[in-house]
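Just follow the structure's listing: the first ligand is 1, and inside any ligand the first atom is 1. Each residue takes its place number in the sequence, starting with 1.
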Amino acid sequence: MKAVAVFPAGRQVRLIDHPEPVIASPTDVRLRMLEVGVCGTDREIVTFQYGTPPAGSPYLVIGHESLAEVVEVGAAVTRVKPGDLAVPMVRRPCADPTCVACRTGRQDFCTSGRFTERGISGAHGFMTEFVVDDERYMNLVPRTLRDVAVLTEPLTIAEKAIAQVWQVQQRLPWVTQPQPGVAPAHGLRAVVLGAGPVGLLGAMVLVNAGFTTTVYSRASGPHDKAGLVGMIGATYLAAEDHTLAQLAAAVGNIDLVYEATGASRVAFELMEVLGTNGVFVFTGVPGRKGPVELDTDLIMRNLVLKNQVVFGTVNAGRDAYERAIADLAAFVARWPGAVRRLITGRDPIADAPGVLVGAPAGIKSVITIA
Ligand code: BGC
Ligand code: ZN
């Protein structure tokens, strides 16, 4: 069957013929892959800065953001049936008996570092015709989300982040007693750094939670990204025409920063204007470009004197997948057309190598397989 593979030794990315997988355990399901999204991680893998093939394989089948249809199930499968739509999770647990995270199904918090990630590290991914995997990694998707559910995995990043924000903010007694009929973040202000898919999906989560949300990104509008930000009731401010001080003055007390660019300098500069009791979440993974100068006294003073919390977050657990699927439905209902507009390109699998290595265009590129 067809698959898109990366060969690190020969520095190649190409369409290959890959053995078709078969059900091997009673809890396995066989999936026909429908769509696979392309993200920054994939672009790093195809430029050989990241990613590892499975042990013993000269290549890695790429692809981790996906939507599939169940075509066959093992004898002991109970949660899914042929015809169901499913989004498989990305990370698989390590084998270390002392890794309490993996042993409790929370491999997104793996402590040994020996997890695998399908399509990224140590396990083949989803940019192929068929995949076999255990039913425990499947997340069921309603048919009504067929055209947008490939965005589930990038949305899980924001879902895991905001769940942790609420856990952190349990430290504020009034946050634990939300008013009936009032959105949990009513009156709070969030800044999203970056207007890529992770940033825009994060902005949707934040607006939906009730945050007054500003997306800060490089280029002045009007363009697709600024248009989408407007559609969901958030404000777009361009770094080209607003300094961070102007951003802070426009927003007021910044209660939350959701960083989604991997641009470390602007992120740490933005930390200088984080507000009282504010939380700063990092989701981007920057390349190493060398040291930058920062006002660390100011940042540290603010962290202490303003009760700030800074944390990073990667990958996601099943709870975040379930919330992502529910939220996609909520976003489609609340902002008709907005979620679909995140997907700015759909190309067949034969063209995937070109899409992966070509210049990124639009917001989210999706490879269609079936
Ligand atoms: C994926 C995550 C993964 C991370 C690090 C991201 O692009 O969405 O699932 O954990 O890369 O490999
Ligand atoms: Zn990704």
Side-chain angles (χ1 to χ4, degrees), residues 4 6 8 33 35-54 60-67 87-94 99 101-102 105-127 131 133 137-139 148-164 194 196-202 205 258-262 281-288 311-325 328 342-345 352 355-356 360 362-367:
V4 178
V6 179
M33 302 313 299
E35 295 193 318
V36 173
V38 172
C39 80
T41 301
D42 299 310
R43 295 184 188 278
E44 286 197 359
I45 295 171
V46 300
T47 50
F48 317 102
Q49 306 171 62
Y50 195 62
T52 326
L60 170 74
V61 174
I62 200 168
H64 61 276
E65 303 181 357
S66 73
L67 173 65
V87 172
M89 293 169 76
V90 175
R91 196 176 276 195
R92 299 293 172 268
C94 72
C99 176
C102 287
R106 287 310 298 263
Q107 50 271 16
D108 56 317
F109 286 110
C110 175
T111 58
S112 74
R114 290 191 295 275
F115 57 81
T116 58
E117 286 182 339
R118 294 204 67 157
I120 301 175
S121 113
H124 288 312
F126 303 131
M127 212 181 274
V131 162
D133 212 334
Y137 303 118
M138 299 302 132
N139 297 281
V148 293
V150 68
L151 298 169
T152 300
E153 197 277 343
L155 178 54
T156 63
I157 306 298
E159 298 288 357
K160 179 177 172 182
I162 196 169
Q164 292 172 92
V198 174
L200 293 170
L201 287 164
V205 171
Y258 179 72
E259 180 283 327
T261 58
V281 190
F282 283 103
T283 74
V285 185
R288 299 282 304 276
F311 72 87
T313 183
V314 69
N315 200 256
R318 166 173 300 288
D319 58 327
Y321 278 82
E322 287 169 358
R323 282 195 306 277
I325 293 163
L328 275 179
L342 286 167
I343 300 173
T344 45
V355 171
L356 283 159
I363 304 174
K364 171 64 74 185
S365 282
V366 167
I367 302 303

J.: Using a 3.5 Å distance criterion without hydrogens, assess whether the side chain of Lys160 forms a donor-acceptor pair with backbone atoms of Val314.
T.: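 A pair under 3.5 Å: yes.
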J.: Around the Zn ion (ligand 2), how many protein N, O or S atoms are closer than 2.8 Å?
T.: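 Atoms of protein N, O or S type lying less than 2.8 Å from the Zn ion (ligand 2) total 3.
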J.: Taking Arg114 for its side chain and Cys94 for its backbone only, find out whether a donor-acceptor pair lies under 3.5 Å.
T.: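 Not confirmed, Arg114 side chain does not pair with Cys94 backbone.
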J.: Answer yes or no: is there a donor N or O on one side and an acceptor on the other, between the side chain of His124 and the main chain of Val61, under 3.5 Å?
T.: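 Here the side-chain-to-backbone pair exists.
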J.: For the pair Glu44 (side chain) and Gly40 (backbone), establish whether a donor and an acceptor sit closer than 3.5 Å, ignoring hydrogens and angles.
T.: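 Looks like no, no N/O pair under 3.5 Å.
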J.: Please confirm whether the backbone N or O of Val87 pairs with a side-chain atom of Asn139, one donor and one acceptor, at under 3.5 Å?
T.: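 Yes: the side chain of Asn139 pairs with the backbone of Val87.
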J.: What residues come within 4.0 Å of ligand 1, counting heavy atoms only?
T.: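 Within 4.0 Å of ligand 1, protein side: Cys39, Thr41, Tyr50, His64, Val90, Arg91, Glu117, Ile120, Glu153, Ile157, Val314, Asn315.
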J.: Would you find a donor on one side and an acceptor on the other, under 3.5 Å apart, between the side chain of Ser121 and the backbone of Gly51?
T.: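 No; judged by distance alone, with no hydrogens or angles, the pair does not exist.
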J.: Would you say the side-chain atoms of Lys364 pair up with the backbone N or O of Thr344, donor to acceptor, closer than 3.5 Å?
T.: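 No; judged by distance alone, with no hydrogens or angles, the pair does not exist.
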J.: Within the distance-only criterion (no hydrogens, no angle test), does the side chain of Glu153 pair as donor or acceptor with the backbone N or O of Ser66 below 3.5 angstrom?
T.: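 Not at all, since once roles are kept as given, no pair shorter than 3.5 Å links the two residues.
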J.: Does NZ or CZ of Arg92 come closer than 6.0 Å to the centre of the six-membered ring of Tyr137, within 45° of the ring's axis?
T.: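 Arg92 over Tyr137 ring: yes.
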